[in-house]
Amino acid sequence: MSSLQTGATIGIIGGGQLGRMSAMAAARLGFKVHIYSDTVPSPAAEVADACTIASYDDENSLESFARNCDVITFEFENISLKGLKALERYCPVAPSSHILETSQDRITEKQSLSRAGIPVAPWKALYCKDDLITLYEFGLPCIVKTARLGYDGKGQYRLSDKSDLEALLAHADALSYPLVAEHIVDFEREISVMVVRNASGLCQCYDPAENHHKDGILRVSLAPAPIMPELARQAQELALNIADQLKLVGIMGVEMFHDAQGQLIINEIAPRPHNSGHWTMDGCAISQFEMHIRAVAGLPLPSTRRHSDVIMHNLIGPQDMALVPRIMEEDECCLHLYGKKEAKTGRKMGHVNRLFPRGGLPGKLVTSHLIPVFPDFSQV
Ligand code: AMP
């Protein structure tokens, strides 16, 4: 694809905060943005030039949206594959529907990673309630996840022992199949790497971040992850390898576990900007959002070098929003709010990037930031 010219229109499917921050990055590069969302109001539409409100499988609306865009991308994966394929008939889409097809279903995702020799936790597809019985043989403890439409830990069941499996079997009829069972990884830490690739095959990745979740939702990311350089290099190589195998065009988050044996195991991939990459907005000259827009617009992909260390905190629900006036007064603290009107429990309202000089994230400092969020934190 040739590069988009200033004033060209980038279409973004999805109206959430990832679309909002992508739209803001696109505007900085001189592009216009058209959002396609099934809800109103949406954080992304507020900062865009145009917005189509329609369902994700409304073929007429998709067609007229596509005819108004020079390239289309997406900010969330739970969109209809059929809809995305319809768009591809009228306008280039990046990443391609093929990648979405792989990543939006945990079964195809694991099949494709396993085929490519990428390490994943032992897993098993469960297509119907009778398959649940095979979990006795598969082995416990394990975690059972819906194959599609799960996010932030939703639709997941942890089975520590036989009594948990029996409880799940008791309401097997109410589950939505297919499901995937995975062995629980005894991990030291969770890390993620943001990787970007353009249509010519140039790939770049950011430093790995270490991620801490609470109630299935990302709370804090530390960049760089406090890991040995060799492990960081391995994590980046895995991410680059996956991006290359998928022929990605755009950005992708690659979530991994660093297990107790020192191995890296891929948890999941997300071919879009990712919450664990928000630190790049203030820790690097070019953020994950701008890199994504550059890749889909056919523009150069310069260095992903980190100029500052960053602790990224998500602002979730009303409790965190109450902290905003205090955060506003902090130095070296970059606040990003998503413009959502109502701070419901568990809702991501914004995030904060606290900056430190490069190399300035000593364990003591990390601990002091993590303890208020995780009172029992004792890792560093
Ligand atoms: P996911 O939706 O797959 O990203 O899972 C949400 C969170 O559940 C992850 O960030 C991990 O903390 C945890 N988790 C998911 N899969 C596993 C696994 N196989 N072993 C251990 N923890 C897991």
Side-chain angles (χ1 to χ4, degrees), residues 16 18 76-78 100 102-114 118-126 132 135 138-161 164-165 168 175-176 178-195 208-223 225 227 235 238-239 242 252-279 312-314 316 346 348 351 370 373-374 376-377 379:
L18 300 177
F76 82 135
E77 290 147 273
N78 292 333
L100 185 78
T102 306
S103 72
Q104 76 176 184
D105 184 308
R106 291 185 196 269
I107 298 175
T108 48
E109 179 181 89
K110 287 185 192 302
Q111 281 167 339
S112 120
L113 293 173
S114 305
I118 307 285
V120 293
W123 63 280
K124 186 170 195 339
L126 309 167
L132 281 178
L135 291 183
F138 175 67
L140 300 171
C142 74
I143 182 160
V144 174
K145 306 176 179 177
T146 51
R148 302 175 74 90
L149 302 174
Y151 66 96
D152 286 344
K154 291 188 174 61
Q156 300 194 358
Y157 312 89
R158 262 173 192 265
L159 310 182
S160 305
D161 51 32
D164 288 341
L165 177 52
L168 192 69
L175 301 175
S176 79
L179 299 162
V180 173
E182 292 171 26
H183 281 177
I184 300 258
V185 178
D186 177 17
F187 61 80
E188 293 274 310
R189 62 183 90 232
E190 290 187 74
I191 61 176
S192 59
V193 175
M194 297 307 305
V195 56
E210 177 177 301
N211 302 317
H212 295 268
H213 298 80
K214 200 173 181 185
D215 304 326
I217 304 179
L218 182 68
R219 291 294 300 178
V220 178
S221 292
L222 311 172
I227 54 178
L238 272 175
I242 298 170
M252 178 169 72
V254 181
E255 292 182 45
M256 5 186 150
F257 301 120
H258 173 214
D259 77 7
Q261 288 72 46
Q263 303 300 310
L264 290 172
I265 293 173
I266 302 298
N267 176 26
E268 62 178 357
I269 58 171
R272 53 170 172 77
H274 194 262
N275 195 166
S276 70
H278 287 0
W279 67 270
M312 191 284 308
H313 276 249
N314 269 339
I316 299 173
K348 290 178 185 166
H351 69 271
L370 288 176
V373 188
F374 304 100
D376 53 354
F377 188 81
Q379 195 174 327

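In each ligand, atom 1 is the first atom listed, and ligand 1 is the first ligand listed.
Here the shortest heavy-atom distance to atom 9 (C) of ligand 1, taken over Arg106, Glu190, His213, belongs to Glu190. Heavy-atom proximity to atom 15 (C) of ligand 1, evaluated over His183, Glu255, Lys145, Glu182, is greatest for Lys145.
In terms of modelled atom types and a separation under 3.5 Å, the side chain of Ser192 and the main chain of Glu255 share no donor-acceptor contact. The main-chain N or O of Glu77 is found under 3.5 Å from a side-chain atom of Gln104 such that the two form a donor-acceptor pair. The backbone N or O of Thr146 lies less than 3.5 Å from a partner atom in the side chain of Arg106, making a donor-acceptor pair. The backbone N or O of Ile217 sits nowhere less than 3.5 Å from a side-chain atom of Asp215 that would complete a donor-acceptor pair.
At a 3.5 angstrom cut-off on N or O pairs, Val185 counts as close to ligand 1.
Contacts between His212 and ligand 1 below 4.0 angstrom, taking non-hydrogen atoms only, are absent altogether. By the criterion of a heavy-atom distance under 4.0 Å, the side chain of Asn267, and not its backbone, is placed next to ligand 1.
With Leu159 as reference, Asp164 is the one residue of Asp164, Ile184, Leu132 to meet the side-chain contact (heavy atoms from CB on, under 4.5 Å) rule.
No heavy atom of Lys214 sits closer than 4.0 Å to any atom of ligand 1.
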